[in-house]
Amino acid sequence: MAIIVACNKEQRYSNKLIKGEKWAVKDISIEGKGLGQFGEWKILSDEDIFNAVPQAEWKSEGGKTVFEWQFQDKGKLFQLNYLQLCEECDGEDLSELDYLAYKLTGTYEVIRHGKNKMEFSTTETIGYSSKKVRISIERIK
């Protein structure tokens with residue numbers, strides 16, 4: 001009799017971003033030009049990734065916004081999706097951070113996925129098409 005144990009890598013990768021934890025956005029760079037430290041992410045939900053898409057709140061001097069996130073392809077990819085909170089917003093209702101999160105929406109390759117540091121890279125975002133974008137985050141202790 002053979003027992004097969006399946007390992008869901010997306011769940012394992014997602015578990016490192018636990019509800020309530022905060023991660024400092026250490027750097028965002030576009031084509032190697034760093035924007036510097038850019039606030040922090042607070043994980044709002046640690047839903048079962050098969051039942052709901054997890055969310056995070058992003059705060060910085062440029063405002064506050066919310067995005068959805070998800071690891072995909074056995075933890076090799078990280079999806080970041082800006083989540084507009086108001087249905088009838090005009091441009092004056094949105095913060096600088098809302099615009100940045102929208103521009104950074106895309107699928108990222110997971111470069112580093114550690115307990116305390118993560119790094120993502122892509123050339124396929126909504127706002128920086130064909131430009132290399134890197135995001136580095138570090139757990140706040």
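One-based numbering along the sequence shown. In this text, all values refer to a predicted model and were calculated from it rather than measured experimentally.
- Within 6.0 Å of the CD atom in E124, the count of heavy atoms belonging to other residues, nucleotides or ligands does not exceed 12.
- Under the 4.0 Å criterion applied to side-chain N and carboxylate O atoms, K76 and E109 are not assigned as salt-bridge partners.
- Residues L77 and V133 are members of separate hydrophobic clusters, defined by side-chain heavy-atom contacts under 4.5 angstrom among Ile, Leu, Val, Met, Phe, Trp and Tyr.
- Between the side chain of S136 and the backbone N or O of K26 there is no donor-acceptor pair closer than 3.5 Å.
- Here the CD1-CH2 distance, from I137 to W58, works out to 10.5 Å after rounding to the nearest 0.5 Å.
- When atom types are taken as modelled, the side chain of T105 and the backbone of I126 share no donor-acceptor pair closer than 3.5 angstrom.
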Go through the steps for K42 and E21 under the test salt bridge (Lys or Arg N to Asp or Glu O under 4.0 Å), then give the verdict. CA-CA 6 Å; K42 179 180 179 183; E21 284 192 341; over 6 Å; no
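- For the pair S121 and I111, the tightest heavy-atom approach, listed with the atom from each and the gap, is CB-CG1, 3.7 Å.
- Using a 4.5 Å cut-off on side-chain heavy atoms (C-beta onward), F71 and V110 make contact.
- Here E40 pairs with K22 in a salt bridge; the nearest charged N to carboxylate O distance falls below 4.0 Å.
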Full working for salt bridge (Lys or Arg N to Asp or Glu O under 4.0 Å) between E119 and R134: CA-CA 7 Å; E119 187 172 343; R134 289 180 87 95; 2.5 Å; yes
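- Counting heavy atoms from C-beta on, the side chains of Q79 and W69 never come closer than 4.5 Å.
- Under a 3.5 Å cut-off, the side chain of S129 and the backbone N or O of T125 do not form any donor-acceptor pair.
- Taking the six-membered ring where tryptophan is involved, the planes of W41 and F120 are essentially parallel, since the angle between them stays under 30° and well short of 60°.
- Taking the centre of each ring, F78 and H113 stay at or above the 6.0 Å mark.
- Across every non-hydrogen atom of V53 and E68, the tightest pair is CG1-CB, 3.6 Å.
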The test is side-chain hydrogen bond (donor to acceptor under 3.5 Å, both in side chains); show your working for D98 and T65 and say whether it passes. CA-CA 6 Å; D98 282 304; T65 194; 2.6 Å; yes
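- Cluster annotation: L35 and F67 are assigned to the same hydrophobic cluster (Ile/Leu/Val/Met/Phe/Trp/Tyr, side-chain heavy-atom contacts under 4.5 Å, transitive).
- Salt bridge present: E57 and K59 bring a charged side-chain N and a carboxylate O closer than 4.0 Å.
- Heavy-atom minimum distance, F38 versus S60: CE2-OG, 3.9 Å.
- Minimum interatomic distance between W23 and M118 (heavy atoms only, all atoms of both residues): CH2-CE, 3.7 Å.
- Taking a 6.0 Å sphere around OH of Y102, one finds it holds 12 or fewer heavy atoms contributed by other residues, nucleotides or ligands.
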